[in-house]
Engineer: 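My structure is below; once you've seen it, I'll send some questions.
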Amino acid sequence: MILLPSAGDCVILERLIFQEAYIVDLFDQLMHSDQTTSPAAASDRADRPSVRMDPRQLLEGLNPQQRQAVEHDQGPLLILAGAGSGKTRVITHRIAWLITVRNVRPQAILAITFTNKAAAEMKHRIEELIGSVTRSMWVGTFHAMMMRILRRFADRLGFERNFAILDTDDQMKVVKACLKELKIDEKAFNARAVHSQISSAKNSLIDVEAFISQAGSDYRQSRVAQVYQAYQEKLRQSNSMDFDDILFEAVRLLRENDDILTEYQSRFQYILVDEYQDTNHAQYQLVHMLSAGHGNLCVVGDDDQSIYSFRGANIQNILDFEKDFKRCKVIKLEQNYRSTKTILGAANQVIRENTGRKEKALWTDHGHGEQITFLRAENHSEESRYIATEIQRLVKNGQHYGDMAILYRVNALSRNLEAALREQGVLYRIFGGTRFYDRREVKDVLAYLRLVLSPRDEIAFSRVINVPRRGLGDVTIAHVQDLAEREQVSSLEICEQADRYDVLQRMAPRLLGFAAQIQGMRDLLTRDDLTFAAFLDQVEQDSGLLQEIIDQQERSKDDAVDRIENMKELISDALEFEQNLRQLQSLPEAELQPEDEDLHQIDDLTGILRAYLERAALYADMDQDKENQDYVRLMTIHSAKGLEFQTVFLVGTEEGLFPGFRARDSEAEMEEERRLGYVAITRAKQKLYITTARSRLVFGQTMAMPVAHFIQGIDDQYIEEIGGSRRPDYQQAPHGAFQAFDSGTAGAACPAGSAPSRDAAGRHVFPGSAIRPHQTPVQPLPDIDPADYRPGVRVRHEKFGSGKIVSALPVAGDAILQIEFQSSGKKRMMARMAKLEILD
DNA sequence: CCTATGATGAACATC
DNA sequence: TCATCATAGG
């Protein structure tokens, strides 16, 4: 390793810090699936800029305000960066400046971004400037950064280091369980609403006690307080945190432990926070605490782009920054480098209606460009068809799919568009929607993994205890959980001892079988002689999850094939994850003993599993967008934040949809919708389309949709209207006309039949392998060629003897076979798993 | 204890 | 429209 002793720094100290920073970065690279580290880049390591550039270059091409921001030295700094004002440029150059000019060690910099993607982008751009320094920097989201600290000090908070992270789905289930336990009527107390109250309480750092006292004698509130209390208790017993806890507990950790706070305060000499307008109170507090000593806090944001209040974001954080940090410097970036005057003008008109914003005058020296095209279509199919044909027209004129994006308020709108785009042969890709790790079958597998890793994970337990069906019903499960509570042990332990309890007598064999299954998997884990992918493969099989889907394939096959593919995909994902890890570990530095024990343990299967589960929870954006890919991008406005496109189609800008119906009676929410509109409009560089439909299917009903109010306010000079005025039109097309139109395309849009036929497969009895833990080392499954398994081919199975393949369906390098055995009739199995001998 | 059925209610964005 | 939930019947 190369050590560059810097003035005044104790070499040993530097060594330690460097080591941890290095390992921390390994972690980071692992988490970002897009960061498939090239060996070349990886070995080009240095904790100092490898290319020492002339610092003056860092200021080149910057306007005076940008320069000022980059060169700012000590003390708090607020950069108000309007849309398209070169914000990222300023941040990255500032970091480069700090390192090269101010001689700040990279590991003394903490840079917080809003998304993982933004973090990757920031690192990339810094490296372009000064080489691979980012590997020892902490760059990431609040959640990811705090997780590092929390893992390390989990014990101080009373958690085990392998605590689980609950996603929204899990959280909901826990809330429901609490409601049930407290005998609260779910109709009077909507679980969703209660959960959101708990969530915002945590984001505001209101703990259970404070919530209770705040509720006072208010019946409703004190009931919610009870749920909050029960909820926290359950999480604690399950050794789990939810998303909000990650921040909440981090604050608590730093508040209650002076030594830890001091350590991180002195480590992070410079703190930068991007998208500061979207921080919540907990995040505010974290930043505050960490920067308390030196006050070298630089926040960047735009109050007009605050669009995450649903997540607890508090726009006051940015509005009050000057009050909170007295001697702070404020720099406004008001020159827009992105859009035409027309687009900017329209955007300004939309946002100007908001009150209580920081006055900014965004300007550009670009030309006026084309007018904004406003479309008033009859219905959603016409709207989508217009967009599709327009895209094709633009492409004929030399534009690229990759320069265009279609933005919408709600994911559901992508459906209609998809049909039309496909029809017209437009290349496109949809972002967002159900994420890979959120798919049911994937979550089931992950729940097994969680339970294997952390036996106390009650939430994972209840998810998988009867999945696949083991003939264990609500009553039995309730008994198990009651006993667990009474005896203060985990439900899994009750299962292990099921034969000791009278109430469980009847179901004891099944419970024991389940416990043995988990134990078997845990043995595999601790024995540590499998690759991670092989381990996951084994879990998918031993759990019976895979077999269950195969059985189901009998009837409803469309769905089943997808699900099997997802399970296979999960294995490849695990493989990739592991390979990345190995590659990183093969670097020379990895031989060092990291001071951080947690990261050290990433060496064995258990460590990999823990890291993998964390990634699944925190870094769920699996399908990363590759730049320069030539397809139209479809996404929500929220996920488009920070991006820009030559041409933008903003669809469904209708009252009730965008702005959503909930914003109706709340001026605050209305303002957020306007900000959202502002964000959408400012994504466009050259050309903007705003489209609406006079009628649209909402909740399966055709509804008349008025044009969004904030669009009506845009001046005529900026807009060219097609299909009608954006101002209220009294002329409605006859209903019947588009009724017929709808039924024509609706069928094509959703080809799946209305009633997904459920199959009546008999319940799954646990396989023999489950009861007997594995005695012999597990053989990795053989690679097979799916093409070998064709209908008519005769095969031999070690248990069922010889048989003939009736049908074969290739799936992800494997095949689902139906085999007619001479002795035991028809069976369904996966080719690879069955270990068949081909007889012909 | 499982499954099918029909009712019911939900739908906004993300770490 | 789609998914989840409660209920009834096997």
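Chain naming here is simple, since letters A, B, ... match the order of the sequence lines and numbering starts at 1 in each. A quick note: this is a predicted structure, and the numbers were derived from the prediction, not measured.
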Engineer: Which part of the nucleic acid does A:L472 contact within heavy-atom distance under 4.0 Å: base, sugar-phosphate only, or nothing?
Structural biologist: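 Here A:L472 touches the backbone only, sparing every base.
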Engineer: Taking the minimum atom-to-atom distance to the side chain of A:H143, which one of B:dC1, B:dC2, B:dC15 wins?
Structural biologist: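 That would be B:dC15.
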Engineer: To the nearest Å, how far apart are A:L618 CG and B:dT14 P?
Structural biologist: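 For the pair A:L618 CG and B:dT14 P, the rounded distance is 15 Å.
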Engineer: Identify, with sequence neighbours excluded, every residue that meets side-chain contact (heavy atoms from CB on, under 4.5 Å) alongside A:A640.
Structural biologist: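 For A:A640, the residues satisfying side-chain contact (heavy atoms from CB on, under 4.5 Å) (neighbours in sequence not counted) are A:L407, A:M635, A:R683.
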Engineer: Under the salt bridge (charged side-chain N to carboxylate O under 4.0 Å, His left out) rule, collect the residues that match up with A:E418, sequence neighbours excluded.
Structural biologist: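 Once residues adjacent in sequence are excluded, A:E418 has no partner under the salt bridge (charged side-chain N to carboxylate O under 4.0 Å, His left out) criterion.
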Engineer: Give the rounded distance in Å between these two atoms: CD of A:E671 and P of B:dA13.
Structural biologist: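 For the pair A:E671 CD and B:dA13 P, the rounded distance is 22 Å.
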Engineer: So which nucleotide from B:dA13, C:dC2, B:dC15 ends up closest to the side chain of A:N411?
Structural biologist: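 The answer is B:dA13.
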Engineer: Consider the side chain of A:R415, meaning its heavy atoms from C-beta on, and name the nucleotide among B:dT14, C:dC2, B:dC1 that approaches it most closely.
Structural biologist: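 For A:R415, the side-chain atoms sit closest to C:dC2.
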Engineer: Give me the distance, rounded to whole Å, that separates C:dT4 from B:dA13 when you measure between the C1' atoms they each carry.
Structural biologist: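 About 22 Å, rounded to a whole number of Å.
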Engineer: Let me check I have this right: for DNA chain B, each base becomes ., (, ), [, ] or |, based on Watson-Crick or G-U pairs with both distances under 3.5 Å. What is the full string?
Structural biologist: ||||||||||.....
Engineer: Output all residues satisfying salt bridge (charged side-chain N to carboxylate O under 4.0 Å, His left out) with A:E275, sequence neighbours left out; order by chain, then residue number.
Structural biologist: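 A:K87, A:K641.
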Engineer: Which part of the nucleic acid, if any, lies within contact of A:N466, taking any heavy atom under 4.0 Å across all strands shown: a base, the sugar-phosphate backbone alone, or nothing?
Structural biologist: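 Since only primed, P, OP1 and OP2 atoms lie under 4.0 Å of A:N466, the category is sugar-phosphate.
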Engineer: Can a salt bridge be assigned to the pair A:D245 and A:R252 using a cut-off of 4.0 Å between side-chain N and carboxylate O?
Structural biologist: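 Answer for the salt bridge query: no.
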Engineer: Taking DNA chain B as the partner, which of residues 300-309 of chain A come within under 4.0 angstrom of it by heavy atom?
Structural biologist: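 Correct list: A:Y308.
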Engineer: With sequence neighbours excluded, tell me which residues meet side-chain hydrogen bond (donor to acceptor under 3.5 Å, both in side chains) with A:N411.
Structural biologist: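 In terms of side-chain hydrogen bond (donor to acceptor under 3.5 Å, both in side chains), with neighbours along the sequence ignored, A:N411 is linked to no residue.
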Engineer: Taking the nucleotide of DNA chain B with the nearest heavy atom to each, does A:G473 or A:L676 sit closer to the 5' end?
Structural biologist: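 Whichever sits nearer the 5' end wins; that is A:G473.
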Engineer: Checking all strands, does A:F114 fall into the base, sugar-phosphate, or nothing category for heavy-atom contacts under 4.0 angstrom?
Structural biologist: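 The residue A:F114 makes sugar-phosphate contact but no base contact.
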Engineer: Output one line per pair: protein atom, nucleotide atom from nucleotides 7-11 of chain B, and distance, for all N/O pairs under 3.5 Å.
Structural biologist:
{"unit_1": "B:dA10", "atom_1": "OP1", "unit_2": "A:N190", "atom_2": "ND2", "d": "3.3"}
{"unit_1": "B:dA11", "atom_1": "OP1", "unit_2": "A:R192", "atom_2": "NH1", "d": "3.4"}
{"unit_1": "B:dA11", "atom_1": "OP2", "unit_2": "A:R192", "atom_2": "NE", "d": "3.1"}
{"unit_1": "B:dA11", "atom_1": "OP2", "unit_2": "A:R192", "atom_2": "NH1", "d": "3.2"}

Engineer: Please list all pairs passing the side-chain hydrogen bond (donor to acceptor under 3.5 Å, both in side chains) test where one or both residues lie in residues 650-663 of chain A, with sequence neighbours left out.
Structural biologist: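 The answer is A:E654-A:R696.
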Engineer: Between A:V410 and A:T168, which has a closest nucleotide on DNA chain B that is more 5'?
Structural biologist: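 First, find each residue's nearest nucleotide; the 5'-ward one identifies A:V410.
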Engineer: Just the rounded figure in Å: distance from C1' of B:dC1 to CZ of A:R506.
Structural biologist: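 Interatomic distance, CZ of A:R506 to C1' of B:dC1: 8 Å.
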Engineer: Between B:dA13 atom P and A:F243 atom CZ, what is the distance in whole Å?
Structural biologist: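 Those two atoms, CZ and P, are 15 Å apart.
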Engineer: Taking only residues two or more places apart in sequence, or in another chain, which ones meet A:Y284 in a ring pair (Phe, Tyr, Trp, His ring centres under 6.0 Å)?
Structural biologist: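 A:H281, A:H288.
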Engineer: Rounded off to whole Å, could you give me the CZ-to-C1' distance for the A:R469 and B:dC1 pair?
Structural biologist: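 From A:R469 CZ to B:dC1 C1': 10 Å.
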Engineer: Would you mind reading off the distance between A:E548 atom CD and B:dC2 atom C1', rounded to a whole angstrom?
Structural biologist: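 Nearest whole value for this atom pair: 13 Å.
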Engineer: Without decimals, in angstroms, what is the distance between A:M507 CE and B:dC2 C1'?
Structural biologist: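 Value for this atom pair: 11 Å.
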Engineer: Applying ring pair (Phe, Tyr, Trp, His ring centres under 6.0 Å), can you list everything that pairs with A:Y308, at least two apart in sequence or on another chain?
Structural biologist: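 Here the qualifying residues are A:F114, A:F310, A:H638.
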Engineer: Please identify each residue that fulfils ring pair (Phe, Tyr, Trp, His ring centres under 6.0 Å) with A:Y408, with sequence neighbours left out.
Structural biologist: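 Partners of A:Y408 by the ring pair (Phe, Tyr, Trp, His ring centres under 6.0 Å) criterion come out as none, since no residue qualifies.
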Engineer: Does a side-chain N-to-carboxylate-O contact under 4.0 Å join A:K443 and A:D167?
Structural biologist: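 Salt bridge present between A:K443 and A:D167.
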Engineer: Are A:R674 and A:E667 close enough for a salt bridge, meaning some N to O gap below 4.0 Å?
Structural biologist: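 The answer is yes: the pair qualifies as a salt bridge.
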Engineer: Of all residues at least two apart in sequence or in a different chain, which pass the salt bridge (charged side-chain N to carboxylate O under 4.0 Å, His left out) check with A:E181?
Structural biologist: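 A:K234.
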Engineer: Backbone N or O of A:M705 within a donor-acceptor pair of the A:R694 side chain at under 3.5 Å?
Structural biologist: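 The answer is no, because no donor-acceptor pair under 3.5 Å joins these two groups.
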Engineer: Would you indicate what A:K176 reaches in the nucleic acid, counting non-hydrogen atoms under 4.0 angstrom: base, sugar-phosphate, or nothing?
Structural biologist: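 Counting heavy atoms under 4.0 Å across all strands, the contact made by A:K176 is with sugar-phosphate only.
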Engineer: Can you tell me how far C1' of B:dC15 sits from CG of A:D169, to the nearest Å?
Structural biologist: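 Distance check: A:D169 CG to B:dC15 C1' gives 15 Å.
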